[in-house]
Amino acid sequence: MTNSDSESMGCDFPCTLEEERRIVTELMSEAEDQLKEGNLYFVISNRWYTSWKRCVSQEASEVTRPGPIDNHDIIDSESDASDPQLLKNLEDAVDYVLVPEQVWKKLVEWYKGGPPIERKLISQGFHSKSYSVEVYPLCLKLTDSRDGSSSIIRLSKQASVGQLFETVCAARGVSKEKARIWDYFQKNKSVLLDPSSEKTLEESCLQIDQDILLEVDGSASSQHDMSSTGNELAIVLVEPTTNTMLSEGTVSNGHSNGSMFSLWKNPFKDDGGSSSGFGKRDKRGLVGLQNLGNTCFMNSTLQCLAHTPPIVDYFLKDYSGDINEDNPLGMRGELAVEFGELLRKLWSSGQNTVAPRSFKTKLGRFAPQFSGYNQHDSQEMLSFLLDGLHEDLNKVKQKPYIESKDSDGRPDDEVAEEMWKYHKARNDSVIVDVCQGQYKSTLVCPDCGKISITFDPFMYLTLPLPTSRTRSMTVAVFYGDSDRLLTPYTVTVPKDGSLRDLSNAVGAACGLKDDESLLFADVFSHKVFKYLDKPLEPLSEIKDNDRIVAYRFNQMHRGPGKAKLEILHWEQKKFVIGRDTKYFGIPLVTYVNTEPLSKSDIDAIISGLLSPLHRTHSSSSTVHVGEENGHIPDVAVETSGISSPKDTEIEEDNAGGDGELSFNVFFTETYSSSLKPLEPGFVANPCSATKVVVKWSEKEHEKYDSSSLDVDLPEVYKPSLFVKKPKKEVSLFSCLEAFIAEEPLGPEDMWYCPGCKEHRQAKKKLDLWKLPEILVVHLKRFTYSRFLKNKIDTLVNFPIHDLDLSKYVMNKDGQSCLYELYAVSNHYGGMGGGHYTACAKLMDENKWYDFDDSRVSPVDESEIKTSAAYVLFYQRVKSESASSYMDED
């Protein structure tokens, strides 16, 4: 069967590629217009979906369709085949995509494959609802107290506690009236769940992969547990603390006192010499936060705020009078109360670690993007949290309408004061008082010269980092000789460069000769996922986690009349349940003439390619193959390290077309997973790679060293989890100067000029006008483009003491512009993952500590300044000696 014949099989598809694209686009649009809770979506591997998108987007007459839908790269191999589960920590649009039910049905109709991974659309949010697909339903580990057995319960986080009871009782064959289910967090009974409750599992603070405990009335183990727990059934337990304020008006006996704020007590006040009173030995403020599953970003932010003096001072006092329960932008004060409760636990004695489950639940209701268990940005979380606290504590109950005015040539002092007054008339909270400053924004029209000046508030400064425009990439060069089969090279190329730049860099690194060239291929699951053969193809399309192989060829064997032949390796594994066969190793690639080839021709080509892996070379059983051999009709085999066919050794009995073949070789179509026997007169397709599969048996493994093929290919870029010694260093002041530098607006941010009455690409300049007491500096380490995410690891040299910003502040109102660093949110690792920690100064000791989730340890001040620093927290140094915020007596 020729490959050209296989291409004609495209007629088996009911639609053309253009029709497929149109149908999917229309179905996507219909689904967007009909969003409702419960709609079904399906998870598809992004690798397969990307190949399909590229296929339907190409305008070439001959395009290779993708094979059947294959989701195995995103499925946990240990999960039940009848109920496939996704791998943890997958990222949307990177590892998978979500398609509506109707799109999935069409794709399966056209391409078959799977397995199907069905998920539902849920609504989230407090005041304004937003829709999202619940990619990871809640997974709970159920322990049956009767026999100690465990099982997994999967439900939507939007399911009610009552539905949980029904599911558990049905699974364990228990009457609902006799069942008791405990929130068994960390194997401790914390909350007895109410079977009649309509609260969702998320609102009940149940976390993914956490434990729940089933007790059944009448069983011996249940009676034993009851006697040991005493009156715990009536208690909603929290971590031990001297704080007597319980949110939602719940007191220790479980009854409501009818008020959200029952009793306030300053936990910093010594309780008359009681053993539970606070003393210096209690090390208050040194409590860790448990990681609930990718919540290190949240823990880092919380520890920085928990050591912000005016914030702590405010939340440890009675702030009930500031709660705004009617603000449509807030959460009726629930977020503020939950945050205050968490701060009280972090500053109480007798604590080592706190699990912020309840706080995470409240935060997720205000900002649904944080409700799951994906890694997030600590600065983004800080922004949402401060905004949420402000809305909950905004003293303005009715916001007046104020029409903004232009400066119209008035003095800056007058305009700035007016704008700040207007801002305070609508926004008045401790967050505004402490964390918000004001900057001056100047726009200049390039045509008429119109100048527009506004004064806007800011919560933090996002400073750009001066950085190089290069990218580090690792590529494995395939030589194909016995000395070095595969050698990785790491090169530096322009970030916005093309494949030609990468080819030149790798060629120089590996000593490519003038008559040689490189063929780049993206290898995935032991197959070539895509050939990178367009010189102008942007490097941004190559992701950091891709694995790229560069096959080295002599240029004389490429060109018109030649076709790529791709050889895959397949073996049968015994004693493997559910998967008897698999592909392995690195695919081999060579070029052959586009003329009919016999089975012995293919056999000889494969023998030549594998000859460097031959374990023994016997002179009696091998011959040199040259142009005069007569058994290989100008196959013109060319692969890495093999310059011509005459250098190749093959088995003598394979030289003739009638001899016994060395290999079991099959033909496989690009868009099919089936294997078909080779037919006489096999012709390689010059328009796309022709794939053949070598079936390895024990005989081949004994003859060839396959371990040289079966190696792990390096990723294009894999950052270390730990911070390396920085190569470059910039000062915080250079970042600040880049922030205030004048620059033209982007084409997508055109400004409507009131003078020209047209949208213009104006020049914009920002200046600092008014600085807050707490200055938060966000170092913009993460950059994003359509195909590339990148982190800048440059060390920023920031002052720990005496940060003087007086030369950058335009308003000379007598306020101090001198700042002292007291906390840092750190990020280690690369994009889409990594790890967050925090460093914070304990003010009453004037010592620094490292907060790494639940671990808290002292750290020397000299170790604070690293290239992991991401968000800096500064406090204004007052002119007079201010008493410590800890002194409450």
**Request:** Would you please say whether a donor-acceptor pair under 3.5 Å links the side chains of S598 and D601?
**Result:** yes
**Message:** When you measure from the side chain of S503 to the backbone of R500, do you find a donor-acceptor pair of N or O atoms at a distance under 3.5 Å?
**Reply:** no
**Prompt:** Is a donor on one side and an acceptor on the other found under 3.5 Å between the side chain of K527 and the backbone of Y583?
**Reply:** no
**Asked** Out of curiosity, L613 CG to K703 NZ, how far, rounded to the nearest 0.5 Å?
**Response** 12.0 Å
**Asked** Does NZ in K780 sit with more than 12 non-hydrogen atoms of other residues, nucleotides or ligands closer than 6.0 Å?
**Response** no
**Message:** Check whether R65 reaches the backbone of V56 with its side chain - one donor and one acceptor, N or O, closer than 3.5 Å.
**Reply:** no
**Asked** Just by distance, do the side chain of K564 and the backbone of V589 share a donor-acceptor pair under 3.5 Å?
**Response** no
**Request:** Answer yes or no: is there a side-chain heavy-atom contact under 4.5 Å between N46 and V97?
**Result:** yes
**Message:** Strictly below 4.0 Å, N to O, side chains only: are K530 and E537 in salt-bridge contact?
**Reply:** yes
**Request:** Could you check V475, V493, T474 and say which one makes a side chain to side chain contact (heavy atoms under 4.5 Å, CB included) with V506?
**Result:** V475
**Request:** Give the ring-plane orientation class for W696 versus H569, where under 30° counts as parallel, over 60° as perpendicular and anything between as tilted.
**Result:** perpendicular
**Message:** Counting only heavy atoms from other residues, nucleotides and ligands, does the tally under 6.0 Å from CD of E18 exceed 12?
**Reply:** no
**Request:** Mind running side-chain contact (heavy atoms from CB on, under 4.5 Å) on V528 and V549 for me, showing each step along the way?
**Result:** CA-CA 9 Å; V528 174; V549 175; over 6 Å; no
**Message:** With side chain to side chain contact (heavy atoms under 4.5 Å, CB included) as the test, pick out the partner of L565 among L609, T590, L588, L597.
**Reply:** T590
**Asked** Donor-acceptor pair, E700 side chain versus S697 backbone, under 3.5 Å?
**Response** yes
**Asked** Taking the six-membered ring for Trp, are F553 and Y591 parallel (under 30°), tilted (30 to 60°) or perpendicular (over 60°)?
**Response** perpendicular
**Request:** Using the ring of Y717 (Phe, Tyr or Trp, six-membered ring only), decide whether R471 places NZ or CZ under 6.0 Å from its centre and within 45 degrees of its axis.
**Result:** no
**I23 side chain near W110 side chain, heavy-atom distance below 4.5 Å** = yes
**Message:** Looking at K695 and E571, is any side-chain nitrogen of the basic one under 4.0 Å from a carboxylate oxygen of the acidic one?
**Reply:** no
**Prompt:** Is the NZ atom of K88 crowded by more than 12 outside heavy atoms at less than 6.0 Å?
**Reply:** no
**Request:** Over 60° means perpendicular and under 30° means parallel, so classify the ring planes of F524 and F529, tilted if in between.
**Result:** perpendicular
**Passing candidate, side chain to side chain contact (heavy atoms under 4.5 Å, CB included) with M473, options L539, T490, D546** = L539
**Item:** Which atom of V683 lies closest to which atom of E595, heavy atoms considered
**Value:** CG2-C, 4.2 Å
